[in-house]
Amino acid sequence: MRQQRSGFNPYLKDSCHTHDGFALYGAKAGIKDSTHFDASGGWHDASDYLQYATTSANAAYHLLMAYRDFPQVFSDEKQANGLDGKNNIADVLDEAKWGLDWLLKMHPKKNIMFNQLADDRDHISMRIPKEDNQYGKGFERPLYFISGEPQQRGKFLNNTTGTSSTAAKFSSAFNLGAFLFNKIDVKYSKRLSAKAGTAMRFAMKKPGVTQTASVKSPYIYAEDNWVDDIELAAVASNFNKPKPVKNNLLAAINFAEREKITPWMAKDTAAHYQYYPFINIGHYELAKQLDGEEKLKITDYYKAGINEVWNRAKQNAFYRGIPFIWCSNNLTASFAIQCSWYADLTGDKSFMELEQANFDWLFGCNPWGTSMVYGLPSWGDTPIDPHSAFTHLKDYPIDGGLVDGPVYTNIYNSLIGIKLSDADEYAEFQSDLAVYHDDYGDYSTNEPTMDGTASLIYLLAAKEHQGKLIQHKTYSLGANTRGDSTVKKISLIFTGDEFADGGQKILKTLQEENVKASFFLTGNFYRNANFKSLIKKIKAAGHYLGAHSDKHLLYCDWKNRDSLLLTQKQFSDDLNANYAAMLNFGVEKKDAKYFLPPYEWYNETIANWTAKQGLMLINFTPGTRSNADYTFPEMGKSYRSSEEIFKSITNFNTQKNNGLNGFYLLLHIGTDPKRKDKFYDRLPELIRYLKKDGYKLERIDN
């Protein structure tokens with residue numbers, strides 16, 4: 001992204017395109033042709049040096065979103081100008097701001113907005129970026145005003161119908177930027193917020209789509225949808241509000257219903273950038289501000305789109321359902337993000353393999369066996385001869401650049417001016433269906449794009465975030481059995497089925513010690529009229545309420561753990577009954593995604609069945625005797641006294657390298673009357689001991 005910078009380019013340590021630009025098509029706003037506006041900056045779109053507002057706004061949004069959603073994966077190694085040196089701002093925000101600053105220039109006044117800078121006259125030669133003079137006005141390049149009417153497209157006109165698609169993208173990027181920069185630069189944040197408002201009004205001036213202009217060739221960004229852009233802009237208007245504004249949500253819902261599925265997902269081909277961006281970001285942002293049936297309706301739109309792709313993907317070994325249109329890799333990255341968002345929003349993990357297949361496709365699990373990202377991985381087969389002046393003329397590496405990707409063979413054969421410069425090293429893997437060439441001469445499959453790379457940045461940030469989450473966690477047979485072992489956090493877990501004698505005392509202790517805990521209770525427990533008041537108090541106090549099976553079934557044999565004692569249907573029916581009982585206390589499945597198996601006994605099949613329910617199986621952390629607090633003397637050798645249990649906890653803490661870090665410490669909310677030595681009587685002492693040693697006690701979902 002830094003290498004794509006126009007104005008000052010930190011990689012080259014030189015400046016280019018500093019005289020931009022002169023306006024065209026601005027008569028309706030009282031702008032005479034050739035009037036100068038300062039439009040230097042921003043990013044070059046690809047290996048050419050055109051600059052488009054629509055792709056730049058989308059790229060800026062992805063960078064901002066990546067920082068908002070995964071701030072911990074980004075570092076600060078560069079200054080705002082892209083040169084080495086820290087400035088106490090994450091580099092991804094510096095890069096996003098570079099894009100936002102240019103967008104501000106492209107929307108200088110409330111009634112003025114430009115759609116693109118330069119045009120296909122740029123393509124006269126391959127060159128390192130400099131001051132270009134092929135547009136008939138010195139070193140200035142043309143600025144195309146958003147008029148809402150058709151503009152030049154080679155010998156013809158494009159199909160522009162309105163002002164919405166580009167202007168709404170401006171508004172969304174400005175609103176998200178205002179939200180994130182509010183704590184960094186309040187003045188800048190306010191400026192962005194004001195521009196977001198004027199951009200939204202510009203978008204609604206003439207509802208419709210804005211396409212790009214081309215002078216010599218027929219190739220443009222032929223965007224054909226715009227209601228998704230308005231949907232996102234409407235919901236983004238809530239980012240800087242204390243709570244979501246209902247009218248903004250209603251407007252977003254209205255536009256969401258007009259394009260439930262991003263159209264390319266239901267097709268096997270499309271024009272160049274016809275449905276842009278390639279993912280409906282508005283659905284994601286909107287669903288996060290909704291709940292209940294309204295949220296489910298929006299997430300179902302995502303599911304429907306994913307299923308359209310899946311119906312094609314399941315017919316081949318690569319799970320490939322993305323059409324081989326120009327920039328197919330951009331669609332691939334976007335689709336993987338949509339699968340990830342759907343899982344995050346719903347807990348439904350049924351498309352995990354499909355998501356991973358699309359991720360893997362980008363990094364070599366494809367018919368050509370090559371990564372589609374320049375230089376990544378460093379030890380792998382990656383593009384070495386992309387359609388890029390940086391690499392072709394100067395051998396400059398363009399690490400991290402996502403190339404366009406494979407196209408249908410018939411598209412490749414119909415394109416103008418393509419000629420391979422070297423022998424095709426992938427010749428034996430080409431087909432009548434699709435081709436990919438790692439060749440400078442092929443601008444259709446091997447040209448890195450700025451906006452595709454921005455999408456990849458978000459996708460990789462999400463993957464790194466996932467890696468950090470599980471890196472220090474412990475799993476056993478598919479269940480999470482310990483949290484982050486590097487952090488002094490503990491989750492107190494209480495299970496219950498038929499007994500609740502310790503409930504009031506436990507709640508009183510937790511309240512006095514200001515501790516939140518997690519309670520996993522069976523359907524038997526939830527339905528017990530004697531426990532109704534206690535459960536309501538648990539919920540009112542802010543503790544986690546979860547499922548522990550309905551009838552407290554034994555899932556698998558004690559001696560032969562792989563031997564199941566029930567069918568998948570019995571498992572599902574029982575679990576669903578547990579959640580039905582929880583619903584009587586206002587606890588929905590989406591609010592209780594962690595499930596603790598009855599008897600704390602399960603196998604890998606149970607973990608898989610749990611995942612298919614959109615839930616995460618958890619279990620206690622082994623190593624202490626805390627889970628034996630239910631035993632009583634008549635049980636013989638299995639009995640553990642409260643003193644023995646307490647010592648097992650403190651001994652583990654002092655004798656193990658990471659102590660009780662990340663522990664899921666399981667106790668029981670009640671025990672058989674035969675046990676007189678109740679461990680919950682020592683709960684205050686235990687909590688004070690843990691606090692004194694620096695532990696923070698949290699709910700299982702925190």
Flag side-chain contact, heavy atom, 4.5 Å: Phe139 against Asp132 = no
N/O donor-acceptor pair under 3.5 Å between Thr163 side chain and Lys206 backbone = yes
task = In plain terms, say whether Asp228 and Arg258 are close enough for a salt bridge, that is, a side-chain N and a carboxylate O under 4.0 Å apart.
result = no
From Tyr221, Trp326, Trp264, Tyr52, residue fulfilling ring pair (Phe, Tyr, Trp, His ring centres under 6.0 Å) relative to Tyr273 = Tyr221
ask   = Can you name the one residue among Thr54, Thr262, Asn58 that meets side-chain hydrogen bond (donor to acceptor under 3.5 Å, both in side chains) with Tyr276?
value = Asn58
ask   = Does a side chain donor of either Gln430 or Asp424 reach within less than 3.5 Å of an acceptor in the other side chain?
value = yes
inquiry  = What I'd like to find out is whether the side chain of Ile457 reaches to under 4.5 Å of the side chain of Glu95, using heavy atoms alone.
reply    = no
message = I'd like to know if Arg141 pairs up with Asp20 as an ion pair, taking the criterion as any Lys NZ or Arg NE/NH1/NH2 lying under 4.0 Å from an Asp or Glu carboxylate oxygen.
response = yes
inquiry  = Regarding Glu355 and Lys349, does a basic nitrogen lie under 4.0 Å from an acidic carboxylate oxygen?
reply    = no
ask   = Is the closest side-chain donor-acceptor distance between Gln151 and Thr160 under 3.5 Å?
value = no
message = Would Arg5 pass as a cation-pi partner of Trp43, given that its NZ or CZ must be under 6.0 Å from the six-membered ring centre and within 45 degrees of the axis?
response = no
query = Rounded to the nearest 0.5 Å, what separation is found between the NZ atom of Lys130 and the CG atom of Asn133?
reply = 6.0 Å
key: Side-chain donor-acceptor pair present, Asp45, Thr55, cut-off under 3.5 Å   = yes
query = Does Lys394 make a cation-pi contact with Phe390, if we ask for NZ or CZ under 6.0 Å from the ring centre and within 45° of the axis?
reply = no
key: Heavy-atom side-chain proximity of Pro150 to Asn159 below 4.5 angstrom   = no
message = Which heavy atom of Leu117 sits nearest to which heavy atom of Ala39, and what is that distance?
response = CD2-O, 3.5 Å
note = Thr409 and Ser431 have their tightest heavy-atom pair at OG1-O, 2.7 Å
inquiry  = Quick check on the 6.0 Å ring-centre criterion: do Phe324 and Tyr408 meet it?
reply    = yes
query = Does the side chain of Asp344 come under 3.5 Å of the side chain of Tyr284 through a donor N or O and an acceptor N or O?
reply = no
message = Would you say Ser334 and Gln338 are linked by a side-chain donor-acceptor pair, where the criterion is simply a distance under 3.5 Å?
response = no
request  = Would you tell me whether Thr445 and Asp442 have side-chain atoms, one donor and one acceptor, within less than 3.5 Å of each other?
outcome  = yes
ask   = So, do Trp341 and Ile281 sit near enough that their side-chain heavy atoms are less than 4.5 Å apart?
value = yes
inquiry  = Holding to side-chain contact (heavy atoms from CB on, under 4.5 Å), I want the full list of residues that pass it with Ala357, two or more places apart in sequence or in another chain.
reply    = Tyr319
key: Asp122: which of Arg127, His44, Lys216, Gln51 passes side-chain hydrogen bond (donor to acceptor under 3.5 Å, both in side chains)   = Arg127
key: side-chain hydrogen bond (donor to acceptor under 3.5 Å, both in side chains) between Asn115 and Thr166, intermediate numbers included   = CA-CA 7 Å; Asn115 190 48; Thr166 300; 2.8 Å; yes
ask   = Quick one: does His392's side chain get under 4.5 Å of His387's, heavy atoms only?
value = no
inquiry  = Ignoring hydrogens and geometry beyond distance, is a side-chain donor-acceptor pair present between Asp94 and Gln79 at under 3.5 Å?
reply    = no
inquiry  = Go through it in stages, so that I can follow the logic: the residues are Phe114 and Phe37, the test is ring-ring contact (aromatic ring centres under 6.0 Å, His included), and I'd like the CA-CA distance, side-chain angles, deciding distance and then a yes or no.
reply    = CA-CA 10 Å; Phe114 297 105; Phe37 286 86; 5.1 Å; yes
key: Close side-chain approach of Met1 and Trp98, heavy atoms under 4.5 Å   = no
ask   = For the atom pair CG (Asp422) and OH (Tyr440), what is the distance rounded to the nearest 0.5 Å?
value = 11.5 Å
query = Is a side-chain donor-acceptor pair under 3.5 Å present for Asp119 with Ser214?
reply = no
request  = Identify the two heavy atoms, one from Ala203 and one from Ala168, that lie closest to each other, and give their separation to 0.1 Å.
outcome  = CB-N, 3.7 Å
query = If you take all heavy atoms of Arg312 and Pro323, which pair is closest and at what distance?
reply = NH2-CD, 4.1 Å
key: Spacing of Tyr458 atom OH and Lys463 atom NZ [to the nearest 0.5 Å]   = 12.0 Å
key: Spacing of Phe145 atom CZ and Leu143 atom CG [to the nearest 0.5 Å]   = 11.5 Å
task = Of all the heavy-atom pairs spanning Ala234 and Met200, show the shortest one and how long it is.
result = N-CE, 3.9 Å
query = Roughly how far, to the nearest 0.5 Å, is the CD1 atom of Ile322 from the OG1 atom of Thr332?
reply = 5.0 Å
inquiry  = Between Asn280 (side chain only) and His283 (backbone N and O only), is there a donor and an acceptor less than 3.5 Å apart?
reply    = yes
Which donor-acceptor pairs under 3.5 Å do side chains of residues 359-366 form with protein atoms, sequence neighbours excluded?
residue : atom : partner : partner atom : Å
Asp360  : OD1  : Gln356  : NE2          : 2.9
Asn366  : OD1  : Trp368  : N            : 3.0
Asn366  : OD1  : Gly369  : N            : 2.8
Asn366  : OD1  : Thr370  : N            : 3.4
Asn366  : ND2  : Trp361  : O            : 2.8
Asn366  : ND2  : Thr370  : O            : 2.8

inquiry  = Could you check whether any side-chain heavy atom of Leu93 comes within less than 4.5 Å of a side-chain heavy atom of Leu64, counting everything from C-beta outward?
reply    = yes
ask   = With a 4.0 Å cut-off, would you call Glu353 and Lys314 a salt bridge?
value = no
task = Enter the distance from Cys16:SG to Asn9:CG here, rounded to the nearest 0.5 Å.
result = 6.0 Å
query = Between Lys105 and Asp38, is there a side-chain N and carboxylate O pair less than 4.0 Å apart?
reply = yes
ask   = Counting only N and O atoms by type, is there a donor-acceptor contact under 3.5 Å from the side chain of Ser40 to the main-chain atoms of His17?
value = yes
message = Within a 6.0 Å radius of atom CE on Met126, are there more than 12 heavy atoms belonging to other residues, nucleotides or ligands?
response = yes
inquiry  = Quick check: do Tyr443 and Ser47 have side-chain heavy atoms less than 4.5 Å from each other?
reply    = no
key: salt bridge (Lys or Arg N to Asp or Glu O under 4.0 Å) evaluation trace for Asp76 with Lys78   = CA-CA 6 Å; Asp76 172 26; Lys78 303 290 183 180; over 6 Å; no
task = Specify the closest pair of heavy atoms between Gly82 and Arg2, including all atoms of both residues, with the distance to one decimal.
result = O-CD, 3.9 Å
message = Under a 3.5 Å threshold, yes or no: a donor from one side chain and an acceptor from the other, between Asp224 and Tyr275?
response = no
